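Fair warning: this is a prediction, and the values are worked out from it, not measured in the lab.
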Amino acid sequence: MSRRYDCADPSDRATGLREAASAVRRGELVVLPTDTVYGLGADAFSPDAVRDLLAAKGRGRAMPSPVLVGSPTTLHGLVTDFSESAWELVDAFWPGGLTLVARHQPSLRWDLGDTRGTVAVRMPLHPVAIELLNTTGPMAVSSANLTGGPSPATCDEAEGQLGDSVSVYLDGGRAEHAVPSSIVDVTGKVPVLLRAGAVSEAQLREVVPDLEAGS
């Protein structure tokens, strides 16, 4: 049976965050608000939990889960060969709607899917998400919808698609933008735009003028 908490109510928010963190530690799934769309989250370092996340979405290993972090400093333990351009993008757009695809530390014991040694990582601009992430550590978080379904702008929309596969729903109201994040690949010498989204190509080019558009 899922539990749902109204994060507009201070007491409910505190209880919900505590319950969500406990659920993540137990390897269960939670839904959390972000600045883009609602996310379905699990402990990034629990292969079983990530497998359950992909299964709840009806998604295969070929589409691995991104990772959300509560602070840019968390990157130091997650990624390697992070370029100056990548750090400039972090400084300019984090927290916010920009996901960076980077090479992850080879020593990390996680299984996010078929990542080929990379991880898609983002810091969301949402106080509930940041508070949860700073309690749990990095979480595997994908949009809280069934694969092929609409990206949820509200907790109701997420719950309507995912139902009891989720232990805790954190209701943070309607997503402010409800637009998926932009994705930039920073694994090479030149950043490559893989998906235009919440941060426009023009905004990205102001920071990294040599940005290439992906095929």
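Take Asp43 and apply the salt bridge (charged side-chain N to carboxylate O under 4.0 Å, His left out) test, not counting sequence neighbours, and it matches no residue. Partners of Arg3 under the salt bridge (charged side-chain N to carboxylate O under 4.0 Å, His left out) rule, at least two apart in sequence or in another chain, are Glu19. Thr80 meets the side-chain hydrogen bond (donor to acceptor under 3.5 Å, both in side chains) test with no other residue; sequence neighbours excluded. Partners of Asp48 according to the side-chain hydrogen bond (donor to acceptor under 3.5 Å, both in side chains) rule, which considers only residues two or more places apart in sequence or in another chain, are Arg51. Residues forming a salt bridge (charged side-chain N to carboxylate O under 4.0 Å, His left out) with Arg13 (at least two apart in sequence, or on another chain): Glu131. With sequence neighbours excluded, the residues that form a side-chain hydrogen bond (donor to acceptor under 3.5 Å, both in side chains) with Thr73 are Ser71. The salt bridge (charged side-chain N to carboxylate O under 4.0 Å, His left out) search around Glu201 returns Arg205, not counting sequence neighbours.
Residues Val128 and Leu32 fail the side-chain proximity criterion, which asks for heavy atoms closer than 4.5 Å. Side chains of Leu170 and Pro33 form a contact here, defined as non-hydrogen atoms less than 4.5 Å apart.
In this structure, Val31 is not a member of the same hydrophobic cluster as Val37, with clusters built from ILVMFWY side-chain heavy atoms closer than 4.5 Å. Hydrophobic clustering of Ile, Leu, Val, Met, Phe, Trp and Tyr side chains at less than 4.5 Å, counting indirect connections, keeps Leu78 apart from Leu133. Grouping the Ile, Leu, Val, Met, Phe, Trp and Tyr side chains by contacts below 4.5 angstrom, directly or via other members, places Leu54 apart from Val30. Hydrophobic clustering, with ILVMFWY side chains joined whenever heavy atoms are under 4.5 angstrom apart, keeps Tyr38 apart from Leu17.
Put simply, CZ on Arg26 and OG on Ser46 are 12.5 Å apart, with the number rounded to the nearest 0.5 Å. Atoms CE and CG, on Met139 and Leu40 in that order, are 8.5 Å from each other to the nearest 0.5 Å. Taken from CG in Asp9 to CG in Asp171, the straight-line distance is 11.5 Å, to the nearest 0.5 Å.
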Can you give the donor-acceptor pairs under 3.5 Å from side chains of residues 60-69 to other protein atoms, not counting sequence neighbours?
unit_1	atom_1	unit_2	atom_2	d
Arg61	NE	Asp114	OD1	3.4
Arg61	NH1	Asp111	OD1	3.1
Arg61	NH1	Asp111	OD2	3.1
Arg61	NH2	Asp111	OD1	3.2
Arg61	NH2	Asp114	OD1	3.2
Ser65	OG	Val141	N	3.3

N/O donor-acceptor pairs under 3.5 Å from side chains in residues 89-98, not counting sequence neighbours:
unit_1	atom_1	unit_2	atom_2	d
Trp94	NE1	Leu98	O	2.9

For residues 144-166, dump all side-chain donor-acceptor pairs below 3.5 Å to protein atoms at least two apart in sequence or in another chain.
unit_1	atom_1	unit_2	atom_2	d
Asn145	OD1	Ser143	OG	2.5
Asn145	ND2	Gly149	O	3.1
Thr147	OG1	Lys57	O	2.9
Thr154	OG1	Glu157	N	3.1
Asp156	OD1	Arg4	NH1	2.7
Asp156	OD1	Arg4	NH2	2.9
Glu157	OE1	Ala153	N	2.7
Glu159	OE1	Arg4	NH1	2.8
Gln161	OE1	Leu146	N	3.0
Gln161	NE2	Pro150	O	2.9
Asp164	OD1	Ser2	OG	3.3
Ser165	OG	Leu162	O	2.7

Could you go through residues 179-195 and list every donor-acceptor pair under 3.5 Å that involves a side-chain atom there, pairing it with any protein atom two or more places apart or in another chain?
unit_1	atom_1	unit_2	atom_2	d
Ser181	OG	Thr99	OG1	2.8
Ser181	OG	Arg195	NH2	3.4
Ser182	OG	Gly197	N	2.7
Ser182	OG	Ala198	N	3.4
Ser182	OG	Val199	N	3.0
Ser182	OG	Val199	O	2.5
Asp185	OD1	Thr187	N	2.8
Asp185	OD1	Thr187	OG1	2.6
Arg195	NE	Ser181	O	2.9
Arg195	NH2	Ser181	O	2.7

- Query: Would Leu108 and Phe45 count as a side-chain contact (heavy atoms from CB on, under 4.5 Å) if you check the C-alpha gap in whole Å, the side-chain angles of each, and the deciding distance to 0.1 Å?
  - Reply: CA-CA 8 Å; Leu108 288 178; Phe45 297 100; 4.0 Å; yes
- Query: So Thr34 and Thr36, side-chain hydrogen bond (donor to acceptor under 3.5 Å, both in side chains) or not? Walk me through it.
  - Reply: CA-CA 5 Å; Thr34 79; Thr36 55; 3.1 Å; yes
- Message: For Phe82 and Leu75: C-alpha separation, side-chain torsions, deciding distance, then whether side-chain contact (heavy atoms from CB on, under 4.5 Å) applies.
- Response: CA-CA 9 Å; Phe82 209 62; Leu75 284 172; 4.0 Å; yes
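Gly70 approaches Ile130 most closely through the heavy-atom pair O-CG2, 3.9 Å. Shortest non-hydrogen contact noted between Ala42 and Val24 is C-CG1, 4.3 Å. Leu112 and Ala140 make their closest contact through CD2-CB, 4.1 Å (heavy atoms, listed as atom of the first residue, atom of the second, distance). Minimum heavy-atom separation, Gly172 to His126: O-NE2, 4.3 Å.
In the displayed structure, Arg103 atom CZ is contacted under 6.0 Å by at most 12 heavy atoms of other residues, nucleotides or ligands.
At least one donor-acceptor pair closer than 3.5 Å links the side chain of Gln105 to the backbone N or O of Val79.
Counting only residues at least two apart or in different chains, salt bridge (Lys or Arg N to Asp or Glu O under 4.0 Å) contacts with residues 116-130 comprise Asp35-Arg122.
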